[in-house]
Amino acid sequence: MGLNAFVPTWKTHGLVKSNSLERHHTGKLVSAQRPTRQRHVVSAPLMKAAEQRVLVLGGTGRVGTETIKALARITPVPLSISVAGRDRSKGHRICRMLTTSNQNERTDLPPVDYHFKSVDITDESALIKLIKAHDVVIHTAGPFQRSKNPTGVLEAAMQANVPYMDICDDLIHAKECKKLHEVALSKGYTALISTGIYPGLSNLMAVEAASLMGTEPVKSLKIYYHTAGTGGIGATVLASTFLILSEHATCFDTHGREQKLPPAGNPEVIDFGGKLGKVTTYLLNLPEVVSLHENVFNGSPGTEIFAKFSTGPPIWNWLLQMMARRTPKSWLANRPAMLAFSKFSLPVVRAVDLLSGALTAMKIVAEGPTSSIIYSFEHDSLAECVGEATASFAVELVKKRLEGGQKGLAPGINYPEELSPDIRKHIIKNASRSANLFESTRYSSGRNWE
Ligand SMILES: NC(=O)c1ccc[n+]([C@@H]2O[C@H](COP(=O)([O-])OP(=O)(O)OC[C@H]3O[C@@H](n4cnc5c(N)ncnc54)[C@H](OP(=O)(O)O)[C@@H]3O)[C@@H](O)[C@H]2O)c1
């Protein structure tokens with residue numbers, strides 16, 4: 001038994017009838033559990049592995065901290081984790097909290113320890129020096145939008161020859177990093193970009209949906225997301241969302257032709273199922289639309305692809321629409337202004353978060369001429385599940401370093417959908433460990449699936 005031993009079990013279900021449509025459950029996660037640290041059965045190279053030094057840039061932020069907590073739960077090898085950020089007192093406080101939570105866990109697990117490292121990611125020489133002292137670097141220090149030097153951290157990691165991954169949710173940033181693919185290939189260097197929950201796990205669900213379609217061509221790939229309020233993550237996500245509103249949403253039409261449509265437009269009511277039910281979603285410019293088009297669905301005659309987003313309560317959707325329509329683009333695209341505005345609006349948003357909760361949901365719909373695959377995901381906390389998903393990608397980078405050879409990830413700058421099917425399946429299973437709902441369903445009688 002290999003590393004598969006620490007992932008939840010998929011159950012295959014038979015055909016069921018619902019609303020006169022013929023449905024077929026292709027896979028369903030039935031045991032949503034609170035995540036706990038677990039002893040894993042590991043492969044021989046991992047059993048002998050020395051402590052791996054992991055650097056988490058933005059480790060003092062909400063996504064970074066949740067990623068570190070999840071890593072401690074699922075790592076098959078001992079880890080020394082550097083929690084990096086600019087704020088020393090916050091960093092030391094978070095390290096103490098992480099150490100205390102570790103002491104409450106079972107002691108027969110791979111040991112994990114934590115240290116704070118002070119760094120500003122814009123200080124190139126300090127960054128390279130810090131990265132060189134590590135085995136893997138995870139970049140969660142957003143916002144990624146409108147960054148002056150989008151490839152700065154990746155290039156520092158390449159120079160230090162330390163495997164890199166990020167949780168970039170910005171199209172321009174991701175495209176700039178991808179341009180370094182050939183250089184990375186020539187050096188045999190590996191990086192993973194745009195990991196996390198969305199993008200990240202959602203890209204893998206889209207590829208899995210396409211593969212479940214078998215020989216049937218995918219005529220459209222529709223990606224829907226919902227997060228209540230901030231989803232419990234940090235202030236930076238507000239700035240990221242405002243900055244994305246400055247861009248038209250890149251989509252692909254039914255002929256596979258690129259289109260740029262107004263942000264927060266094209267409302268569509270979607271039934272996410274689970275606890276969420278029906279909400280209205282709106283177009284947003286997200287990197288997974290373009291990367292999935294380029295890497296998976298760029299064939300003839302072409303696949304329609306778009307991504308839509310909604311937040312809650314509905315007043316936030318209305319305010320985002322107003323911002324997109326009424327605010328000059330030059331303001332929305334101004335990074336310092338949007339960072340300041342996100343800090344200013346945070347107290348009100350946090351107050352509403354108390355009522356709205358942190359629920360997040362994804363629905364990925366792959367449609368062919370005669371059947372569709374619908375992948376559904378729901379989790380009570382965006383913060384928790386983005387940490388779990390990011391850690392699931394990180395474990396694969398750690399394994400690549402230790403196992404190398406044919407088992408490892410391919411060199412190059414890779415989007416999630418470019419991973420091999422076995423790695424994809426490991427990540428999907430690890431990243432959905434504590435989801436309320438995670439299932440794929442085949443509908444085999446036409447397009448009337450809603
Ligand atoms: N792919 C996905 O699934 C996904 C999902 C959710 C969010 N995200 C993205 O994740 C990002 C982080 O979100 P979050 O909730 O963790 O935000 P957060 O709580 O505000 O944390 C941001 C972190 O970045 C650090 N940071 C910012 N600028 C830095 C700099 N110049 N040098 C060093 N560290 C710096 C901050 O540390 P100091 O301020 O202490 O230096 C802090 O640790 C956002 O951009 C968001 O869009 C991605």
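In each ligand, atom 1 is the first atom listed, and ligand 1 is the first ligand listed. Here the structure is a predicted model, which is why all the values come from computation and not from measurement. Only heavy atoms go into these numbers, but all of them, side chains included; no hydrogens, no water, no symmetry mates.
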Reference residue L192; test side-chain contact (heavy atoms from CB on, under 4.5 Å); the match among L409, I138, I413:
L409
For residues M323 and L332, determine if any side-chain heavy atom of one lies less than 4.5 Å from a side-chain heavy atom of the other.
yes
Would [X] and [Y] pass as an ion pair if we require N to O under 4.0 Å?
X    : Y    : value
R62  : E66  : yes
E258 : K260 : yes
E208 : R424 : yes

Side chain of N203, backbone of G200: donor and acceptor closer than 3.5 Å?
yes
Can you work out which protein residues put a heavy atom within less than 4.0 Å of ligand 1?
G58, T60, G61, R62, V63, G85, R86, D87, K90, V119, D120, I121, T140, A141, G142, P143, F144, I167, D169, T195, G196, I197, Y198, P199, I233, G234, A235, T236, S240, V386
